[in-house]
Amino acid sequence: MKSTAKRNRVRVYLALVLILLAGFLLSSIYIVGAAPAYQSTEEGKLIFESQCISCHTIGGGRLVGPDLNGIADRRETDWILRFIIEPDRMIAEGDADAAALLAEYNNLAMPNLNLTQTQAEAVFAYISSQSGAGQAQAQPVALPEGNTQRGLSLFVGEMGFENDGVACVACHTVGRVSAYGGGSLGPDLTHVYERYGEAGLASSLGGLPFPTMQGIYRDHPLSPQEQADLLAFFSWSDAQATEIPADQFTTTFWIWGLAGAAALFLIMAIFWMRQRHSISETLRSTS
Amino acid sequence: MNVRAHISMLFHLDKCIGCHTCSVACKNLWTDRKGAEYMWWNNVETRPGTGYPTQWENQDHYQGGWKRMKNGLQLRIHSRTKGILKLFFNPALPDLEDYYDPFTFRYEDLFNSPAGDDQPTAIPISMITEKPIDIETGPNWDDDLGGSTIYAENDPNLKDVPQEVREQLGELERLVFNYLPRICNHCLNPSCVAACPSEAIYKRGEDGVVLVNENKCRAWRMCVAACPYKKVYYNWSSGKSEKCILCFPRLESGQAPACAHSCVGRIRYMGVLLYDADRIPDAADVDDENLVAAQREIILNPFDPEVIAAAKANGIDDGWIESAQNSPAYKFVKEWELALPLRPEFRTMVMMYYIPPLSPVVSVIEKDLVKLDLSEEMHDFEVFHRLEAARLPTEYLASLFSGGNVEIIRKVLRKMLAVRVYMRRKSVEGEVDQVALDALEKAELTEAEAEAIYKLTTIPTLDERFVLPPYHREMSIEAEGMDPLAHKGETGVGYLQVPMRGE
């Protein structure tokens with residue numbers, strides 16, 4: 001008798017827990033569903049200041065990319081949203097306006113920032129709200145005097161970045177910066193100074209807004225002095241160096257690689273002759 | 001005088017029949033494990049032959065043992081400085097080919113093969129890779145000089161034998177071989193202990209057994225290279241070195257080691273020897289010819305009151321001293337000077353001793369008949385009578401057992417022959433004549449000694465062959481705070497710690 005009562009009580013508890021759980025799940029679905037599709041301008045501000053501000057201003061004049069003041073009046077909302085989300089595809093598809101913009105801005109295509117529809121809407125909302133106010137632009141940090149030689153050292157990694165960032169040479173190359181050139185993952189930076197202009201480049205070095213670089217340098221930003229040094233270096237390279245296509249290094253690499261392998265095999269051959277043979281095998285093979 | 005006790009084994013080679021029972025007993029007890037398949041802590045070699053591993057005595061190749069330098073002995077494998085520099089480069093190791101690729105046969109093929117025109121066969125497979133192999137060699141591939149002549153011809157001990165005699169050894173009517181059972185020699189001056197960079201090998205204080213502490217072993221394998229007898233083996237599975245432990249768990253419970261206990265020919269004797277540890281460095285650092293004498297010199301007389309007092313001062317108890325007094329090892333090694341160390345010129349001062357074998361006289365071919373080379377004036381038939389006509393050259397035995405000193409071998413063989421002649425006269429012909437007495441005198445033996453040698457050689461009881469000292473393990477248990485009665489009848493006391501690879 002006693003055990004039956006106990007079992008019943010357990011069942012009641014179980015049912016209660018189940019109902020509570022179900023209720024919690026349902027309410028969470030409702031909350032998610034009821035969330036407004038339109039993000040607040042607060043989120044838009046965050047995104048703009050972290051990802052757009054290196055190249056764009058709102059009422060601050062053109063930088064690397066166009067001034068976005070009053071953009072909503074100049075273009076259609078759908079076009080703007082799509083360009084924020086996938087500029088690369090629009091250019092590739094040959095959108096006339098996009099192509100014109102590309103030509104106007106030194107053929108520097110806006111990178112795909114991997115923003116969602118909601119995020120793009122938030123950014124757009126922020127830009128619209130700020131249009132006319134003329135506040136949102138990168139506050140130009142007064143950079144100290146740059147040193148070309150130090151910039152070169154930083155670029156090739158002879159000198160480490162203060163915040164442990166990866167040396168530029170891992171992904172980029174500049175002229176004949178090292179025997180086999182630099183990395184070829186990122187673009188050749190020999191004439192980046194010319195392409196971005198001094199203000200644009202300085203602003204880019206500050207935030208490094210490119211999608212690939214963002215993850216790498218988020219926790220390792222460049223210090224003002226380093227930015228200035230690199231800027232000086234890029235200015236020098238733009239004037240002095242010439243771009244060298246990556247495949248020109250391939251032949252050198254093969255020659256040295258094969259020569260090294262041959263040398264190693266030669267050393268091995270010397271020791272191969274002198275290797276120890278087991279007595280047992282020697283006895284059997286010589287008799 | 002620093003008196004210590006050592007438990008020693010004697011091999012009476014004249015009695016060995018080469019049945020390998022010792023090897024099998026040892027294998028079943030200790031090395032029937034993964035990674036130990038190729039190891040034979042006890043093996044029996046046919047001599048002349050190359051042994052196991054192949055030509056283990058060839059120290060130009062294996063770099064084992066000690067060499068004499070201006071300021072004392074030095075390991076042949078490397079000096080101290082070189083040892084550190086070459087810590088990660090240790091090439092003087094035997095190849096698996098030099099041991100052998102351990103094999104078994106795929107017996108299930110005999111039952112599972114599909115029906116066919118031929119009888120199914122069990123093909124040989126490697127015990128390491130478990131893949132089919134061609135068996136090329138084994139630990140006793142040249143057993144009884146079978147198979148091929150290359151092994152006998154390449155015995156390193158034939159180096160000092162005149163070329164003419166070497167050629168004769170290959171002739172069918174002059175063929176001769178003897179057996180050489182080998183275990184770890186538990187040396188007084190062990191080069192494996194000296195070479196170990198991890199200090200994992202040690203010589204036990206109470207009885208001199210050389211052991212590997214597998215918890216300290218770090219697989220440098222310097223011991224494998226440094227041991228001139230190649231009796232330290234590397235277990236490829238556990239990553240630790242292993243060697244003969246002289247069956248110490250059996251010794252501690254009063255039994256002879258498995259190899260000795262199972263010996264069919266009853267060739268093995270065991271007993272305690274007392275020695276002077278302070279004189280080891282000097283005794284190991286003399287000319288090759290004097291090594292045997294020097295080693296005999298440091299073995300002490302257990303009846304000498306001075307030795308007994310010094311032994312007691314060193315903590316050797318009465319039971320061990322009494323055991324040393326009854327020891328067959330003492331009688332054969334020191335009293336009768338019949339037992340000799342194996343290859344003493346490696347200077348590790350081995351504590352296992354061998355009584356060299358006698359061999360029949362050579363035969364000659366006369367009128368197309370094979371005839372024993374006996375002189376005309378010999379009236380009584382004694383095949384073993386003349387040393388100079390013995391089939392096993394004395395130079396050969398000298399290379400094995402006396403560092404090249406032929407005189408020592410002649411002396412031993414003369415004694416053994418004298419005992420034979422004397423006892424033959426006495427027990428077969430019933431009368432001791434002048435010939436027998438002359439033989440004894442020439443061998444520097446008395447009639448009583450001859451009688452004693454005969455008795456211990458031919459009709460010893462188990463207790464006379466194995467005079468094992470009392471280890472008093474019950475006392476050690478008590479010292480550990482355990483109840484000895486709770487462990488009565490158990491073999492071995494301690495904690496089983498399974499060693500981990502790389503630790």
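Below, read A as the first sequence line, B as the second, and so on, with proteins coming before strands; counting in each chain starts at 1.
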Residue part contacting chain A, namely of [X], when any heavy atom lies under 4.5 Å:
X	value
B:D98	both
B:E136	both
B:Y151	side chain
B:S148	neither

[atom1] of [X]: more than 12 outside heavy atoms within 6.0 angstrom?
X	atom1	result
B:Q163	CD	yes
A:R176	CZ	no
B:F105	CZ	yes
B:E164	CD	no
A:E243	CD	yes

Atom [atom1] in [X], atom [atom2] in [Y]: separation rounded to 0.5 Å?
X	Y	atom1	atom2	value
B:I150	A:T282	CD1	OG1	10.5 Å
A:S280	B:D101	OG	CG	11.0 Å
B:N58	A:I279	CG	CD1	4.5 Å
A:R276	B:D95	CZ	CG	8.0 Å
A:S278	B:Q55	OG	CD	11.0 Å

**OP:** Give the member of B:T149, B:T50, B:L93 that has the highest number of heavy-atom pairs under 4.5 Å with chain A.
**Re:** B:L93
**OP:** Side-chain contact test, heavy atoms from C-beta onward, threshold under 4.5 Å: evaluate it for A:R284 versus B:E97 and give yes or no.
**Re:**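 Yes. Closest side-chain heavy atoms under 4.5 Å.
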